[in-house]
Amino acid sequence: MNTKEWNLEQERLNQVVRELEARIIELEPEVTGLHDQVTGIRRRFWEEVTVNTNTHEDFEETFYSIRQQEALLSERERSHKLRLQQLRNMKRLLKSPYFGRIDFKEKGMSVTEKVYIGVSSFVDSEGMDFLVYDWRTPIASMYYDYEPGAASYDTPSGQIAGMMTLKRQYQIRQGELCNVFDTSLTIGDELLQQVLGQGADHQMRSIVATIQKEQNAIIRNDTSRLLIVQGAAGSGKTSAALQRVAYLLYKHRERLTADQVVLFSPNPMFNSYVSTVLPELGEENMQQVTFQEYLDYSLSDTFHLEDPFDQMEYVLTAQRSHEEEYAARLSGIKYKASEGFLNVIQNYANWLTHEGMKFRAIRFRGRDLISAEQIESKFYSYDASIRLANRIALLKEWLLSELRILEKKELEASWVRDELDYLDQDAYAEVYRELHNERAVFDFAEQYEEVRERLNNRRRADEGDFDFADREEELLRVMVVKENFSPVKQSVKRLSFIDLAQIYSNLFEEERVFGQMGDQADMPSLWPQICQQTRDKLGQLELFYEDATPYLFLKELIEGVRTNTQVRHVFVDEGQDYSMFQYEYLKKMFPRARMTILGDFSQAIYTQATELHGVDSPLIRLYGEADTSVFHLVRSYRSTREIVEFTKALLPEAKEVIPFNRSGRKPDLYRIENGENRIIRIAEHLTSLREEGLTSIGIITKTAAESKEAFELLTASGCQDVKLVTKGTLTFEAGVSIIPVYLAKGVEFDAVLIYDASADSYQQESERKLFYTACTRAMHRLLLYSTGEWTPFVQSLNADLFVMTQA
């Protein structure tokens, strides 16, 4: 670019910055004023309203007065929110107003429009011309999808076609033009090189300036019920998904809000890692949860739940000396996550409509009010064609009706008289007040016809001279019985009379029952051992992680599905680690939501992994092929070419991964004499890596126990600035983190140190993907240590892919 054109670009940038500064100066007092008005109206709300309900006219006047004040407050709140958002957007643009430009000449028009693209829109002071277009606008999509030449974009009124004569990228810092690149089809390598060459951060950054064409297709897909993104490690699938959320909130801003979007994260720490992306784009954060939180919410009152990380620890650390027990557990984990077991649970629910339901007796003061046999008999007296959940609803109403009858009978029981002797003064005072309000007396005892009749009979017998002591005792009896029956009725309303634990356990107790539910060919060979493990766990009021979702699924088939019809978009990150049970449950829970699933089967480190794509994918069958779109992201942007070439050689499934052309050092492999020397070398390397300017460093271990060991040894050696990351860690921080590999999924580090890459640590073929996942967290540097023979995954590699050092 010649000097004249550069100066024109800088002059144009200066103009936009001046406009932004002027509008900010203009808006700030307006925002402050609206905030003061809102605060004042809230404070004086009831001062402006005269409450008078003496007559119908007074009541109506009060009602409309309140409505008027409420409308005024709502209008001021909306105005304040709108102006505040505009102010924030302008301040966000001030440092870097735009990052891209296209020159587009619409077909049939004589004028070429210069379209500057940034993170939000900005119009001139007259409101006539766009100085900056939001990256989510239809016209801005051409920046991501086309090279100079014929181009088009879709609008609500149809497609607009024409010619793109220029495609340009900018790097702007603090209002100053730093770099300008003219580019073609892809977002220019020069800009990506600079962005990817920066250090990792403790929070994920927005990528709108470097969105690639394939990512843009994911972001703007607005038709598929199910969208699957199968992406290589570091391919930007999570980043693209977050930009997709921002795009959906922008496009459907009149009918979609952030609280109608849910992201299922792999762990709590990941929520912190991605928490700033949407606010950077001027949008509120969506709901962020883990699937374990849903399980805890629904089941933790009944069971102590194993979480996926404890399950992983068992798989990685259990004593192989108990081979049959270990093999049975692994087989159970896999089977209970399968489509076959899903069919078993569904068939079991159908079978329960005819037999097999288990109930708990309704107990009161140590005795059965309604026996389990009576409840079962009543349940199966209903028409068998009525759905399970509807029959449970009918049964609940019958039980509550029976309790009301039994409650009246209980008024004369001897324990009631005993309770009266221990009532406090407040209870007597309440009854005394009621006695002086004749109407309240009968309202209070309305449900007890017999009590009312006795009171009336006594009044007639006494010819109006009614004994207050008798009336007091009657009301106190009602109060005592009602209070004691209340927990019983509440437990019925919570459906506690259903013995779900026993119902689920029966699947594993009677082979006859299980044999009718599923295909015998699918039954694991170690099924008796699996059954025994499951029963033992249930007997301790505990649930394996692999049992939690099937149990919850069965619970909702029996009791009725609790749906959320407000949520319209569900995003699942690390989707390969979810079972078919979990996907079936999510579909039922959010019946009106579109689903976006992100994953990489090469990183499927959990036994219950689901194949996301392909003709045999049960996930695609769940939603239907016609309603499903599958995207493949094969280019890896996270790591240098050398690291990608190393990691893709570890895994046959990763052979299609294409590294981005960013060079660096080959991975360093250090053969260490013993564990003590390993700590010394790691401490030395931490110092040298920091001197290189690498601030985010991950020491990745296989297990939590190994992380704790590494943390204690490094701390004892004088490394005081390392942090231990556990499953309870809520925030991802910069610096040196010691972390188990299964918690490192989804995050990245400037440098990764694999604490133990020996054959002792990674020997089994089932651990290959775990090792691959650990190595793919590195952006710039990858260092591996071993005190013995290298893992066979490394031994099989071409020696040209790494640098070996004997230390």
Side-chain angles (χ1 to χ4, degrees), residues 200-204 233-234 237-238 263-275 288-293 295-296 305-318 333 545 572-578 598-600 602-609 638 647 682 696-712 714-715 722-757 761-762 766-779 782 784:
D201 201 352
H202 66 286
Q203 291 180 312
M204 182 178 284
K237 51 187 178 291
T238 302
L263 169 66
F264 281 89
S265 303
N267 54 63
M269 184 183 68
F270 185 83
N271 292 338
S272 165
Y273 183 58
V274 301
S275 63
Q288 294 173 245
V289 297
T290 65
F291 194 82
Q292 185 66 28
E293 288 173 326
L295 295 177
D296 286 336
L305 300 181
E306 180 186 53
D307 60 42
F309 313 119
D310 288 337
Q311 184 198 72
M312 176 61 75
E313 284 289 322
Y314 174 85
V315 170
L316 296 177
T317 63
I333 292 172
Y545 180 67
V572 179
D573 205 354
E574 302 296 344
Q576 76 281 347
D577 293 334
Y578 285 66
L598 322 160
D600 177 14
S602 295
Q603 299 180 67
I605 63 176
Y606 289 93
T607 308
Q608 71 270 14
R638 172 185 297 143
T647 55
I682 288 177
S696 175
I697 301 172
I699 301 174
I700 299 184
T701 65
K702 183 181 175 183
T703 65
E706 194 174 56
S707 282
K708 185 179 179 183
E709 172 197 286
F711 176 75
E712 290 173 349
L714 279 168
T715 303
V722 296
K723 294 177 289 293
L724 178 64
V725 177
T726 69
K727 67 178 184 178
T729 301
L730 298 179
T731 58
F732 184 72
E733 300 176 358
V736 180
S737 299
I738 303 177
I739 183 171
V741 57
Y742 53 81
L743 290 180
K745 295 185 71 172
V747 299
E748 59 191 23
F749 301 92
D750 289 337
V752 164
L753 286 63
I754 305 298
Y755 185 72
D756 185 359
S761 188
Y762 295 95
S766 60
E767 297 166 342
R768 183 182 289 274
K769 290 181 178 179
L770 195 73
F771 187 71
Y772 170 82
T773 300
C775 294
T776 55
R777 301 305 94 198
M779 291 181 65
L782 176 61
L784 298 87

Q: As an exercise, state the distance from NZ of Lys745 to CD1 of Ile605, rounded to the nearest 0.5 Å.
A: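 Result: 4.5 Å between the selected atoms.
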Q: Holding to side chain to side chain contact (heavy atoms under 4.5 Å, CB included), I want the full list of residues that pass it with Glu293, two or more places apart in sequence or in another chain.
A: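 Applying side chain to side chain contact (heavy atoms under 4.5 Å, CB included) to Glu293 gives Val289, Thr290.
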Q: If we count only N and O atoms by modelled type, under 3.5 Å, do the side chains of Thr647 and Thr776 hold a donor and an acceptor together?
A: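 Distance-only check fails for Thr647 and Thr776.
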Q: Who passes side chain to side chain donor-acceptor pair (under 3.5 Å) against Tyr606, sequence neighbours left out?
A: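 Tyr606 satisfies side chain to side chain donor-acceptor pair (under 3.5 Å) with no other residue.
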Q: Locate the shortest heavy-atom distance separating Tyr772 from Ala233; write the atom from each residue and the value.
A: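 In terms of heavy atoms, the two residues are closest at OH-CB, 4.1 Å.
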Q: How many angstroms lie between CZ in Arg777 and CZ in Arg638, if you round to the nearest 0.5 Å?
A: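 Here the rounded value is 4.5 Å.
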Q: I'd like to check the side chain to side chain donor-acceptor pair (under 3.5 Å) partners of Tyr742; sequence neighbours left out, ordered by chain and number.
A: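 Applying side chain to side chain donor-acceptor pair (under 3.5 Å) to Tyr742 gives Glu313.
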Q: OG1/Thr726 to CD1/Ile738 distance, rounded to the nearest 0.5 angstrom?
A: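 Result: 12.5 Å between the selected atoms.
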Q: Go through the steps to decide whether Tyr755 and Glu709 satisfy the test side chain to side chain contact (heavy atoms under 4.5 Å, CB included), and finish with yes or no.
A: CA-CA 11 Å; Tyr755 185 72; Glu709 172 197 286; 3.2 Å; yes
Q: For Glu712, is there any backbone N or O sitting under 3.5 Å from a side-chain donor or acceptor partner on Thr715?
A: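 No, Thr715 side chain to Glu712 backbone: no donor-acceptor pair under 3.5 Å.
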Q: Who are the salt bridge (charged side-chain N to carboxylate O under 4.0 Å, His left out) partners of Glu706, not counting sequence neighbours?
A: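 Scan of Glu706 (salt bridge (charged side-chain N to carboxylate O under 4.0 Å, His left out), adjacent residues dropped) gives none.
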Q: The test is side chain to side chain contact (heavy atoms under 4.5 Å, CB included); show your working for Val572 and Phe291 and say whether it passes.
A: CA-CA 9 Å; Val572 179; Phe291 194 82; over 6 Å; no
Q: Please name the pair of heavy atoms, one in Thr238 and one in Phe270, separated by the smallest distance, quoted to 0.1 Å.
A: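 Smallest heavy-atom distance, with atoms named: CG2-CZ, 3.6 Å.
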Q: Quick one, Ile754 with Leu782, criterion side chain to side chain contact (heavy atoms under 4.5 Å, CB included). Give me CA distance, side-chain angles, the key distance, then yes/no.
A: CA-CA 8 Å; Ile754 305 298; Leu782 176 61; 4.1 Å; yes
Q: Quick one: list whatever passes side chain to side chain donor-acceptor pair (under 3.5 Å) with Gln576, sequence neighbours left out.
A: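 Result, side chain to side chain donor-acceptor pair (under 3.5 Å) vs Gln576: Glu574.
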Q: Go through the structure and list residues passing side chain to side chain donor-acceptor pair (under 3.5 Å) with Ser265, not counting sequence neighbours.
A: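 In terms of side chain to side chain donor-acceptor pair (under 3.5 Å), with neighbours along the sequence ignored, Ser265 is linked to Asn271.
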Q: Which value, rounded to the nearest 0.5 Å, describes the distance between Ile739 atom CD1 and Ile699 atom CD1?
A: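 Those atoms lie 11.5 Å apart.
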Q: Could you tell me whether a side-chain N or O of Lys702 sits under 3.5 Å from a main-chain N or O of Ser761, the two making a donor and an acceptor?
A: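 Yes, the answer is positive, given that a donor and an acceptor are paired below the 3.5 Å cut-off.
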Q: Give me the atom names and distance for the closest heavy-atom approach of Cys775 to Leu784.
A: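 Heavy-atom minimum between the residues: SG-CD2, 4.2 Å.
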Q: Quick check: closest heavy atoms across Lys237 and Leu598, and the distance to 0.1 Å?
A: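 Smallest heavy-atom distance, with atoms named: O-CD2, 4.0 Å.
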Q: Any chance you could measure Phe309, atom CZ, to Asn267, atom CG, to the nearest 0.5 Å?
A: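 Answer rounded to 0.5 Å: 5.0 Å.
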Q: Run the salt bridge (charged side-chain N to carboxylate O under 4.0 Å, His left out) test against Lys769 and tell me which residues pass, sequence neighbours left out.
A: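 Lys769 satisfies salt bridge (charged side-chain N to carboxylate O under 4.0 Å, His left out) with Glu653 only.
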Q: Taking salt bridge (charged side-chain N to carboxylate O under 4.0 Å, His left out) as the test, write out the residues that go with Asp296, two or more places apart.
A: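 In terms of salt bridge (charged side-chain N to carboxylate O under 4.0 Å, His left out), with neighbours along the sequence ignored, Asp296 is linked to no residue.
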Q: Nearest heavy-atom pair of Leu305 and Leu295: which atoms, and what distance?
A: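 It is CD1-O, 3.5 Å.
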Q: Taking atom CD of Gln311 and atom CG of Leu316, what is their separation to the nearest 0.5 Å?
A: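 Those atoms lie 10.0 Å apart.
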Q: What are the two closest heavy atoms between Ala774 and Val752, and how far apart are they?
A: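 Residues Ala774 and Val752, closest heavy atoms: O-CG1, 3.8 Å.
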Q: Asp573: which residues meet the salt bridge (charged side-chain N to carboxylate O under 4.0 Å, His left out) condition with it, sequence neighbours left out?
A: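 Residues passing salt bridge (charged side-chain N to carboxylate O under 4.0 Å, His left out) with Asp573: none at all.
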Q: Of all residues at least two apart in sequence or in a different chain, which pass the ring pair (Phe, Tyr, Trp, His ring centres under 6.0 Å) check with Phe264?
A: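 For Phe264, the residues satisfying ring pair (Phe, Tyr, Trp, His ring centres under 6.0 Å) (neighbours in sequence not counted) are Tyr294.
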Q: Does a donor on one side chain and an acceptor on the other come within less than 3.5 Å for Tyr314 and Glu306?
A: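 There is no such pair (donor and acceptor under 3.5 Å, judged by atom type) between the side chains of Tyr314 and Glu306.
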Q: Does the pair Ser707 and Leu724 meet the rule for a side chain to side chain contact (heavy atoms under 4.5 Å, CB included), with working shown?
A: CA-CA 7 Å; Ser707 282; Leu724 178 64; 3.8 Å; yes
Q: Check ring pair (Phe, Tyr, Trp, His ring centres under 6.0 Å) between Tyr762 and all other residues, then give those that pass, not counting sequence neighbours.
A: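 For Tyr762, the residues satisfying ring pair (Phe, Tyr, Trp, His ring centres under 6.0 Å) (neighbours in sequence not counted) are Phe771.
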Q: Lys723: what forms a side chain to side chain contact (heavy atoms under 4.5 Å, CB included) with it, not counting sequence neighbours?
A: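 Lys723: side chain to side chain contact (heavy atoms under 4.5 Å, CB included) contacts with Glu733, Ser737.
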